There are 2 protein chains.
Amino acid sequence: MASEGRVTSFDVARAAGVSQSTVSRALRNDPNIGSRTVKKVLEAAAALHYVPSSRARALSTGATNRVAMVIDLDNPLWPLLVGRMHDELAGHGYELGLVASHGERDVETQLADGSVDGVIVSASRLASTLPDTLRGRGIPVVLVQRHSSDPDVDAAVADDAEGGAAAARMLLEAGHERIGALFGPADTSTGREREAGFRRVLTEAGVDLPDRWVRYGGFEMSHGFRSLAEVTGGRTAPTALFCANDTIAIGALNAAHAAGLRVPRDVALVGFDDIETASWPLVELSTIRVPFDEMLRSAVSLLLERIGGFTGLGRRVVHPVVPVPRSTHLRP
Amino acid sequence: MASEGRVTSFDVARAAGVSQSTVSRALRNDPNIGSRTVKKVLEAAAALHYVPSSRARALSTGATNRVAMVIDLDNPLWPLLVGRMHDELAGHGYELGLVASHGERDVETQLADGSVDGVIVSASRLASTLPDTLRGRGIPVVLVQRHSSDPDVDAAVADDAEGGAAAARMLLEAGHERIGALFGPADTSTGREREAGFRRVLTEAGVDLPDRWVRYGGFEMSHGFRSLAEVTGGRTAPTALFCANDTIAIGALNAAHAAGLRVPRDVALVGFDDIETASWPLVELSTIRVPFDEMLRSAVSLLLERIGGFTGLGRRVVHPVVPVPRSTHLRP
DNA sequence: CAGTCGAATGCATACGCATGCACTGTAGGC
DNA sequence: GCCTACAGTGCATGCGTATGCATTCGACTG
């Protein structure tokens with residue numbers, strides 16, 4: 001029972017009384033192999049607990065059946081993206097590798113060394129050169145959730161501008177007139193476009209968005225937590241705040257709670273994404289739903305097409321968003 | 001600028017006027033290569049944008065520098081474990097692959113095909129044969145957070161029994177006498193040991209834990225959400241509930257909120273893990289802190305020792321837990 | 001000056017699977 | 001009953017890197 005090194009296809013071949021190439025073909029369902037032979041080979045393989053070496057197969061075929069996902073561990077959205085991406089890829093027979101984007105240099109090498117068939121980038125900054133560099137090296141890349149400034153790279157995103165607009169309408173329709181905003185990073189497409197859509201509608205409605213009620217920050221809770229007091233602390237305070245994502249909104253909600261403010265009575269909030277927490281009874285956050293499942297499915301299918309050899313121009317799939325009014329946007 | 005196939009070490013060799021083996025050695029800092037030669041090779045490699053093929057290297061060296069982590073996407077703890085594991089592994093030069101444990105059969109093959117140097121299992125059920133099977137195939141395995149019934153497999157865990165005990169003490173010291181519990185799955189070491197520790201202290205204190213105030217379920221919010229009403233709905237209700245993890249507790253907290261009950265006035269709660277949400281002002285969950293950073297660090301170091309060739313008996317590293325009393329356990 | 005040693009490099013091969021091509025045997029056609 | 005055709009297998013080689021061993025050349029010893 002001692003494991004005397006790896007069991008290879010040669011061992012199986014010997015046991016089955018055929019050649020190594022026949023083993024290889026039999027196990028890969030090559031139609032040229034006779035059914036009797038296939039049976040012999042399968043039995044021998046099972047008896048020996050043979051598992052083909054993915055290392056050798058990768059070298060030989062040039063494919064790894066693995067996809068890497070570049071994530072930003074600071075963005076609280078990553079588990080949602082990764083979890084669904086895992087399932088989506090698994091459905092297509094691919095494994096998922098995780099790469100956090102700290103030092104982009106190393107990351108680039110890591111992704112270009114042939115250890116994956118393609119790359120999903122979920123944490124791209126607008127100015128990032130990573131997607132374009134990978135593309136330049138012939139590695140299939142798809143952006144998800146955000147796009148880059150490079151239109152040649154495929155991307156699956158949500159309609160962030162429309163979502164921002166919808167959020168603005170939600171607040172206006174609830175009767176708010178003194179409105180502030182906690183926007184996201186300006187160097188991300190999500191941050192920028194959600195802001196643009198939101199501003200557009202306010203402008204069209206003739207509602208002002210004074211700078212003293214606006215803050216920029218990361219997509220983390222701390223932004224909302226810190227900024228709420230700043231924005232509501234002046235002589236006049238906004239009655240409602242748009243938050244660039246749910247996490248920021250929940251940060252603000254917690255800050256409000258800590259400060260003894262009631263939501264939405266003292267300050268109303270609208271988030272973006274519709275993460276699970278938003279629907280907690282304790283939270284009941286009004287928000288804009290991003291169809292993550294569809295978005296990730298698009299991303300995977302764009303990527304698989306590239307892996308399959310598609311070399312056309314960059315494509316951008318935009319997914320519609322859905323306003324989800326709960327209770328935090330109301331004006332009592 | 002057209003990419004005419006991959007750049008290999010042969011191309012670099014030609015450009016530098018040396019042999020392929022010299023290129024290989026020069027890039028791997030072999031001391032036998034003259035410094036002039038090393039310089040030439042490095043320059044040629046840079047000029048050609050050469051990136052060694054990890055596929056070929058893996059086949060040749062037998063090492064992939066990758067570790068797979070088996071997770072349970074239904075257990076809300078996974079992002080925390082995965083995020084920290086990623087960073088911890090990255091610090092040692094390893095990449096992280098993700099495998100969700102749906103159909104264990106496939107998973108086993110996927111992990112045994114030589115595509116990783118080792119495996120971290122974070123979602124093991126007590127009866128699972130996966131860890132032992134992998135070990136039997138000579139693949140380094142370490143369990144983290146939970147252990148299996150097989151003591152031959154290395155594991156890095158928290159002191160769950162002591163944590164359960166500490167939770168019981170926390171409630172007793174707050175003055176609770178009518179106590180219930182929402183325990184976790186009995187086929188996990190965490191579920192079982194947290195329960196055992198909790199029960200032990202209650203018994204020692206002569207406090208009863210009536211079955212009608214006890215529910216078992218998964219480590220998900222839905223367990224807490226559903227069970228709260230059941231447990232508090234009778235003629236007499238417990239004044240406090242122990243929850244097998246924070247997520248269950250938060251589910252219960254939300255159910256309480258939805259039902260108009262106040263925490264801890266109407267029902268007190270204690271969780272387990274001290275996830276980030278527990279410290280939100282909105283939540284202020286009293287809990288038992290698991291030192292995840294240390295635990296994952298242990299797991300990685302156990303695994304790296306195995307990868308390095310250690311073949312001794314199975315080891316189990318138990319990490320002490322810390323009670324974190326906030327506001328939900330109090331008895332007003 | 002012959003002999004020796006060692007640093008520096010090249011040669012050849014292994015790693016394990018996939019696959020183009022050559023080959024064998026048998027069935028079918030005439 | 002001979003030849004064609006094709007299903008079924010085996011042979012040989014490629015994938016790109018790492019590495020044991022042989023080789024070269026210069027320097028140093030006696």
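Treat the numbers as computed from the prediction; the structure is a model and nothing was measured. Numbered from 1 within each chain, the chains take letters A, B, ... in sequence-line order.
Taking atom CG of residue B:D30 and atom P of nucleotide C:dG10, one finds them 13 Å apart after rounding to whole Å. What separates CG of A:N32 from C1' of C:dA22 is a distance of 14 Å, to the nearest Å. Spacing between atom CG of A:D113 and atom C1' of D:dA18 amounts to 16 Å, rounded to whole angstrom units. Here the P atom of nucleotide D:dA18 and the CG atom of B:L27 are 8 Å apart, to the nearest Å. Straight-line distance from the CG atom of B:N65 to the C1' atom of D:dA18: 14 Å, rounded to whole Å. Between A:K39 atom NZ and D:dG8 atom P the separation is 17 Å, expressed in whole Å. Rounded to whole Å, the distance from CD1 on B:I33 to P on D:dA18 is 12 Å. Rounded to whole Å, the distance from CG on B:D11 to P on D:dC15 is 11 Å.
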- Evaluate the side-chain hydrogen bond (donor to acceptor under 3.5 Å, both in side chains) criterion for residues B:S298 and B:H319: first the C-alpha distance (whole Å), next the side-chain angles of each, then the deciding distance (0.1 Å), finally the verdict. CA-CA 9 Å; B:S298 291; B:H319 294 267; 2.8 Å; yes

- Query: Along nucleotides 15-21 of chain C, 5' to 3', which nucleotides get a B, which get an S, and which get a -, given that the test is a protein heavy-atom distance under 4.0 Å?
  - Reply: BBBBBB-

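A:R66 contributes atom CZ, which lies 5.5 Å from atom OG of A:S115 (distance to the nearest 0.5 angstrom). For the atom pair OG1 of B:T8 and CZ of B:R14, the computed distance is 7.0 Å after rounding to the nearest 0.5 Å.
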Atom pairs and distances, side-chain donor-acceptor, residues 18-35 of chain A, under 3.5 Å, sequence neighbours left out:
unit_1, atom_1, unit_2, atom_2, d
A:S19, OG, A:S21, OG, 3.1
A:S19, OG, A:T22, N, 3.3
A:S19, OG, A:T22, OG1, 3.1
A:Q20, NE2, A:S9, OG, 3.4
A:D30, OD1, A:N32, N, 2.8

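No more than 12 heavy atoms of other residues, nucleotides or ligands sit less than 6.0 Å from atom CD of B:E276.
B:R316 contributes no side-chain N or O that, together with a main-chain N or O of B:A155, makes up a donor-acceptor pair within less than 3.5 Å.
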